[in-house]
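What you see below is based on every heavy atom in this structure, not just the backbone, and it leaves out hydrogens, waters and symmetry mates.
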Amino acid sequence: MKKFLSFAGFLMILATFASCLNDDEESVNSYYNYFTIGKQGDSYVLYSDFGNVIAYPTAASVASLTDGKGFGENKRAELYFEYDNLKVEETENGSIAKEVNLRAGQYIETLSLKLPAEAEAENISVSDSIFPISQLNRVWTANGYFNAVVTGNYSAGKTKGIRPTVNLVLEYDSDKHNAATLRLLYNRHSSKMESAAGSTQFITSYDAEKLSMVPGSDSINITVLAEGVNPVEVKVARKDLVKPSGV
C-alpha cells in the first residue's frame, strides 16, 4: 500500500469520531487509526483499535490504495480515510461509517505469540540474536491483537536498511491466575559487532489467541520485558482477545 507519515507524525491528529461529528460546518472529515481488517461477503470492513469505529471502505478506494490487489491475507493496517458525516450511524457500541474513502495506509506486520518451547525450537531466543531496544513506546490489545510500538536501532545490508524482527514470548504459571509475562526479543539480523545504521520506530501486531491460555477469567496483568528498557505493565481485557466477525 501507499505509505504515509509514521506513527509519531499522526499522533496529533488522532481523534475520536465524537469530536469530528461536533463540526457542523463540514460534512466531510478525515480520520486515522490502527485497524483490523475483516470481510462481510465481498466487502471489507475495518475495526478501529481506538474509538469504537467500524468503517466500510468503498471498493474503488480499496482498489486505488492497493493497486487493484485488495488487502489479500493482510489483517492489520494503519489507515487514513475521509468520510461523510451524513453516512455515519451512532450506536450504543460506537460509530459505523459507510462508504469511507481510503486515502493512504500501510500494512502492519503480524506475528504469532511464541511459547518458550517454540522460541527455542525456532532459535529466536539465543542471546546472540537479541539486541537492546531504545524505548518501548506503547503496548495495547484490541480486536484480537496485542500490539507493540518499539524504537530501536537497525542494521543495513549493502543497499538498504534491514527491518528488525520483534518477537514476543509468552510465559505464565499454570497455578497463577490472570498474570503473564511477554518477553520481547529484538533481532537486528546482524552481528552484534556491526554498528547500527540508524534508529527507527515501528509497530508489530501479534495474534492474541494464545493469551487466552493464561489461567483465570478476569483481565490479565501482563508484564512486558525487553533488554535495554524498564518493564512495562499493562492490563488486558479478555474481550479484547477476541477477533471481530469476518477476521
Side-chain angles (χ1 to χ4, degrees), residues 1-7 10 31-81 96-115 118-119 121-124 138-150 154 160-170 182 184-187 189 200-213 236 239-247:
M1 288 196 295
K2 302 169 186 175
K3 292 190 175 182
F4 54 84
L5 293 179
S6 67
F7 169 82
F10 270 93
Y31 189 73
Y32 162 84
N33 213 314
Y34 300 103
F35 291 92
T36 294
I37 302 168
K39 291 199 80 173
Q40 292 182 1
D42 294 330
S43 301
Y44 287 107
V45 56
L46 307 171
Y47 301 90
S48 73
D49 282 10
F50 307 106
N52 295 321
V53 174
I54 299 175
Y56 292 83
T58 65
S61 69
V62 172
S64 175
L65 189 64
T66 64
D67 293 328
K69 299 176 183 178
F71 293 129
E73 298 301 315
N74 294 284
K75 294 299 184 183
R76 295 279 294 162
E78 297 177 70
L79 293 169
Y80 173 75
F81 62 71
I96 299 175
K98 300 289 184 67
E99 297 180 43
V100 306
N101 289 302
L102 302 178
R103 296 306 186 197
Q106 57 188 357
Y107 293 124
I108 298 171
E109 182 176 19
T110 56
L111 299 174
S112 299
L113 294 176
K114 306 292 186 181
L115 296 175
E118 293 174 319
E122 295 176 25
N123 217 30
I124 63 175
R138 190 176 190 181
V139 294
W140 73 95
T141 308
N143 296 314
Y145 288 89
F146 187 91
N147 308 276
V149 178
V150 170
Y154 63 90
K160 61 182 180 179
I162 302 170
R163 189 189 195 279
T165 298
V166 185
N167 281 293
L168 284 178
V169 179
L170 171 63
L182 287 174
L184 188 149
L185 306 179
Y186 188 83
N187 190 342
H189 302 292
T200 186
Q201 181 187 103
F202 59 96
I203 177 176
T204 308
S205 293
Y206 306 84
D207 190 317
E209 182 180 5
K210 283 180 180 171
L211 286 174
S212 62
M213 299 167 60
V236 172
K239 65 178 180 62
D240 291 333
L241 306 181
V242 180
K243 294 182 178 64
S245 175
V247 176

Task: Neighbour count above 12 (heavy atom, 6.0 Å) for Glu122 CD - done: yes
Task: Any donor-acceptor N/O pair, Asn33 side chain to Tyr31 backbone, under 3.5 Å - done: no
Open item on the list: Could you check whether any side-chain N or O of Asn143 sits under 3.5 Å from a backbone N or O of Thr36, counting only pairs where one atom can act as donor and the other as acceptor?
Closed with: no
Task: Distance-minimising heavy-atom pair for Val62 and Thr66 - done: O-OG1, 2.7 Å
Open item on the list: Show the nearest heavy-atom pair for residues Lys210 and Leu170, with the distance to one decimal.
Closed with: O-CD2, 3.5 Å
Open item on the list: Using only atom types and a distance under 3.5 Å, with no angle test, would you say the side chain of Ser61 pairs donor to acceptor with the backbone of Asn101?
Closed with: no
TODO: Mind checking the OH-CZ spacing from Tyr206 to Arg76? Nearest 0.5 Å is all I need.
DONE: 12.0 Å
Task: Residue pair Asn187, Ile124: steps toward the side-chain contact (heavy atoms from CB on, under 4.5 Å) verdict - done: CA-CA 8 Å; Asn187 190 342; Ile124 63 175; 5.9 Å; no
TODO: Starting at CD1 of Ile54, measure out to CG of Leu46 and round the result to the nearest 0.5 Å.
DONE: 10.0 Å
TODO: Might you point out which heavy atoms bring Tyr47 and Ser245 nearest each other, and give the distance in Å?
DONE: OH-O, 3.1 Å
Open item on the list: If I compare all heavy atoms of Lys39 with all of Val45, which pair ends up nearest, and what's the gap?
Closed with: N-CG1, 3.8 Å
TODO: Verify, without hydrogens or angle tests, whether Asn147 (side chain) and Trp140 (backbone) share a donor-acceptor contact under 3.5 angstrom.
DONE: yes
TODO: State whether the number of non-hydrogen atoms from other residues, nucleotides or ligands found under 6.0 Å of Lys69 atom NZ is greater than 12.
DONE: no
- [ ] Please examine the side chains of Leu185 and Leu168, heavy atoms only from C-beta on, and report whether any two atoms are closer than 4.5 Å.
- [x] no
- [ ] Ignoring hydrogens and angles, tell me if any N or O in the side chain of Tyr56 forms a donor-acceptor pair with the backbone of Ile96 under 3.5 Å.
- [x] no
Task: Minimum heavy-atom distance between Ile108 and Ala77, given as atom pair plus value - done: CD1-C, 3.7 Å
Task: Shortest non-hydrogen separation from Tyr154 to Ile162 and the atoms involved - done: CB-O, 3.6 Å
Open item on the list: How long is the straight-line distance from OG1 of Thr204 back to OH of Tyr145, given to the nearest 0.5 Å?
Closed with: 13.0 Å
Task: Worked verdict on Ser112 versus Asp207 for side-chain hydrogen bond (donor to acceptor under 3.5 Å, both in side chains) - done: CA-CA 5 Å; Ser112 299; Asp207 190 317; 5.7 Å; no
TODO: Tell me whether the centres of the aromatic rings in Tyr80 and Tyr32 are closer together than 6.0 Å.
DONE: no
Task: Verdict with reasoning, Leu79 to Leu65, per side-chain contact (heavy atoms from CB on, under 4.5 Å) - done: CA-CA 10 Å; Leu79 293 169; Leu65 189 64; 4.0 Å; yes
Task: Exceeds 12 heavy-atom contacts within 6.0 angstrom, atom NZ of Lys243 - done: yes
TODO: Any chance you could measure Arg163, atom CZ, to Thr200, atom OG1, to the nearest 0.5 Å?
DONE: 8.0 Å
TODO: Mind checking the CZ-CD spacing from Phe202 to Glu78? Nearest 0.5 Å is all I need.
DONE: 12.5 Å
- [ ] For the residue pair Tyr44 and Phe71, categorise the inter-ring angle as parallel (less than 30°), tilted (30 to 60°) or perpendicular (more than 60°).
- [x] perpendicular
Task: Flag if over 12 foreign heavy atoms under 6.0 Å of CD, Glu118 - done: yes
